[in-house]
Participant: 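Pasting a structure below so you can have a look.
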Amino acid sequence: MAKSKYDIKSYRGFGAMTLLCLVVLYAPLIVVTIYSFNASKSITVWEGLSLRWYVDVFSGPESAKFKLAAWNSFVIAIVASTISTAIATLAATAIVRGGKFRLRTVSVGLISLPLMVPEIVTAVATLIFFNYIGIERGLLTILLAHIAFCIPFAYLPIAARMQGIEDSYEQAAMDLYATKRQVFTRILLPLMAPGIISGYLLSFIVSLDDFIITNFVKGAGIETLPTAIFGAVKQGIKPNIMAISTMLLAVSVVMVTISYFVSKTDNTK
Amino acid sequence: MPEDQSIAIDVRDAVKRYGDFTALKKISLSILDNEFFTLLGPSGCGKTTLLRMIAGFEDVTEGEIYLFGDEIENLPPHQRPVNTVFQNYALFPHMTVLENVAFGLEMRGNSRAQARTRAGEMLELVQLSQFAARKPSQLSGGQQQRVALARALAPQPKVLLLDEPLSALDLKLRKSMQLELKYLQRETGITFIFVTHDQEEALTMSDRIAVMSEGELQQLGAPRDIYERPHNKFVADFIGETNLLEVSVDNIINGRAICHLGGGHELTCNEVDGIGVGSKVHMSVRPERLFISDDPTEGGCLKGRVQENIFAGTDITTIINLADGPNFTVRTSNSERGNKRIFEPGNEVFVNMEMGAARLLAD
């Protein structure tokens with residue numbers, strides 16, 4: 001391909017700027033990943049390649065604590081993202097396909113506002129709410145909070161996808177003797193699937209690594225992975241934290257990759 | 001149209017209002033069984049609204065719609081035995097061509113196998129069998145159009161509704177699809193209701209045409225009828241090309257109306273009911289019904305001067321200025337026969353026409 005002089009690559013400093021951004025974004029992650037394989041007890045001195053800290057995570061003195069926290073985190077993430085995706089799918093159907101109803105703009109605003117509210121405010125408000133209605137803090141409160149704050153994350157990709165689906169498909173299906181229910185299951189749902197999967201994965205990741213809200217609404221002694229890591233770090237950073245972080249990073253990378261390929265695979269081609 | 005032909009769709013006093021805006025003002029029309037019927041009009045005339053009311057996508061504000069005697073205007077779309085070919089085809093993008101065509105059959109309660117067999121036959125009918133396993137996005141516009149047609153015909157609807165289905169195709173393909181649609185209508189014997197804004201398309205394909213404008217039915221008739229005997233100014237102007245002139249009726253003698261064109265020019269044409277002496281009305285003369293000569297004794301009654309000749313392949317259009325009067329457009333077919341003369345711009349000529357070529361219009 002011929003290089004145009006208007007090509008952005010020909011701007012002076014393009015390479016340097018790109019490099020700077022990459023370093024700022026990824027250097028810390030790379031350092032943590034590399035040092036998680038360090039044989040040393042120190043987090044700064046390299047003493048050779050080893051898997052000892054990964055072994056330590058699964059069978060070391062703190063392994064029971066981390067395993068339970070990881071279990072909690074994954075169960076909460078799976079349940080919360082499933083429920084919030086279902087709610088978001090219905091909300092998107094109603095808002096995008098409901099025609100022009102009063103309060104439509106308000107509805108869209110209300111459902112996406114939580115994304116812009118400072119998380120600490122949501123956390124405090126949720127905690128006060130639970131106290132007020134008298135639910136004891138524990139796994140259930142974490143789950144409820146996660147369902148609530150995951151809805152906008154699930155909603156956005158689903159609604160975006162839905163806006164791209166012309167309503168003539170639904171009309172054609174109705175014209176071809178499909179009932180409302182059949183139109184939804186046979187036409188709308190398959191066409192929305194990529195949006196729904198993106199929404200699910202996004203809310204899963206958001207739930208998995210939430211710290212602030214979880215820390216407020218969790219009961220004493222109940223930990224998710226982020227709160228457990230935070231708790232451990234308060235007593236000094238040990239290399240096993242780097243191993244856990246690297247594994248969490250791996251999970252995120254896998255999720256993002258799946259999400260990328262789902263958005264690439266167009267079921268209409 | 002034969003007497004014994006039953007009525008497929010009967011629209012009675014149908015009104016459609018959107019808030020303060022009235023899209024359809026009391027339309028009544030009967031569409032016969034096994035007829036190729038066209039709703040023709042400019043955009044915004046209400047033709048698509050009427051079609052969507054028959055399909056069930058728009059509520060009927062007032063009035064009734066009957067399908068072979070059954071009142072249907074309150075039924076939801078999926079309970080009406082009519083199918084639609086949509087303007088943008090609306091093929092389900094996540095299904096194969098075969099699944100698309102089988103969809104309506106399955107929804108009607110056929111087994112999957114039955115539906116697919118029948119869908120395969122429909123694809124054969126539109127010559128697309130080899131594309132059965134493809135997705136719609138892999139087909140060309142013309143092929144998608146035929147899939148949409150096969151899908152709508154597969155459940156054997158009582159009436160097929162076509163919403164400007166050819167407007168996205170290029171001219172050549174459109175012409176061949178026009179004929180294909182007409183053959184398909186005859187072959188299947190299903191009533192077709194076709195919506196278009198293209199008058200040529202309507203004339204080519206239809207058994208009968210309903211010309212609509214501003215939510216009102218202007219004229220209903222066979223293509224020839226509408227072209228030769230337009231009821232009003234709108235129809236004369238919209239269908240084909242015409243010389244539309246403002247005239248005043250000077251006298252009526254023995255069914256002939258003598259009309260004044262301005263500038264001292266006079267024309268005689270057939271009397272029309274409701275137009276009396278002294279009324280100012282419009283007159284329509286088709287350009288191809290006029291001829292030019294330089295000999296006033298040929299019956300040439302209008303004297304003028306050639307302004308311009310426009311060559312358009314099959315015919316030549318000549319614009320003639322009448323002294324102190326209106327302009328006339330005359331079309332001469334480009335053939336050697338009849339030894340037609342071409343008059344150069346500036347030549348003095350006489351415009352001539354057969355009796356009955358000029359029509360008075362009750363606006």
Side-chain angles (χ1 to χ4, degrees), chain A residues 85 89 92-94 96-105 157-200 258-259 261-269, chain B residues 18-19 48 51-52 54-58 75-96 99-110 112 115 119 134-139 144 147-148 150-157 159-163 165:
Chain A
T85 304
T89 304
T93 310
V96 178
R97 280 300 188 265
K100 278 189 198 141
F101 56 93
R102 261 154 50 97
L103 304 179
R104 185 174 189 273
T105 321
I158 296 173
R161 174 80 191 178
M162 189 137 192
Q163 256 142 12
I165 303 172
E166 294 166 49
D167 59 2
S168 61
Y169 299 133
E170 288 144 81
Q171 288 183 2
M174 279 192 276
D175 189 62
L176 292 161
Y177 314 107
T179 59
K180 279 221 161 98
R181 190 195 182 85
Q182 284 167 324
V183 171
F184 186 74
T185 56
R186 299 283 305 257
I187 307 296
L188 217 43
L189 221 44
L191 287 175
M192 281 162 75
I196 294 175
I197 294 170
S198 288
Y200 184 88
I258 295 173
S259 173
F261 281 109
V262 164
S263 68
K264 278 277 160 183
T265 49
D266 188 343
N267 58 359
T268 66
K269 290 268 154 55
Chain B
Y18 299 99
T48 297
L51 193 83
R52 290 172 61 81
I54 297 171
F57 300 131
E58 301 278 355
L75 294 179
H78 70 270
Q79 287 175 11
R80 300 185 190 199
V82 298
N83 289 149
T84 309
V85 178
F86 291 85
Q87 186 168 13
N88 57 2
Y89 316 139
L91 297 174
F92 306 130
H94 57 299
M95 296 185 193
T96 64
E99 286 165 345
N100 261 283
V101 179
F103 186 83
L105 293 157
E106 264 183 67
M107 293 298 117
R108 274 206 134 175
N110 291 288
R112 180 164 283 220
R134 296 223 189 149
K135 290 279 175 75
S137 60
Q138 295 169 298
L139 302 185
Q144 291 183 19
V147 175
R151 184 179 71 174
L153 282 171
Q156 289 174 301
V159 172
L160 186 74
L161 309 173
L162 302 107
D163 184 10

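Protein chains get the first letters and strands the later ones, always in sequence-line order, with residue 1 at the start of each.
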Participant: Give me each pair satisfying salt bridge (Lys or Arg N to Asp or Glu O under 4.0 Å) with a member in residues 164-184 of chain A, each pair once, sequence neighbours excluded.
Facilitator: Arg97(A)-Glu170(A)
Participant: Is there a donor in the side chain of Ser168(A) and an acceptor in the side chain of Gln171(A), or the other way round, less than 3.5 Å apart?
Facilitator: no
Participant: If I measure from the heavy atoms of chain A, does Gln79(B) come under 4.5 Å with its side chain, its backbone, both, or neither?
Facilitator: neither
Participant: Give, as side chain, backbone, both or neither, the part of Leu91(B) having an atom under 4.5 angstrom from any heavy atom of chain A.
Facilitator: backbone
Participant: Tell me, side chain or backbone of Arg80(B) under 4.5 Å from chain A's heavy atoms, or both, or neither?
Facilitator: backbone
Participant: Check ring-ring contact (aromatic ring centres under 6.0 Å, His included) between Tyr169(A) and all other residues, then give those that pass, not counting sequence neighbours.
Facilitator: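 Listed in chain order: nothing, the list is empty.
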Participant: Taking the six-membered ring of Phe92(B) as reference, does the cationic atom of Arg151(B) (NZ for Lys, CZ for Arg) lie under 6.0 Å from its centre and within 45° of its axis?
Facilitator: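 Arg151(B) over Phe92(B) ring: yes.
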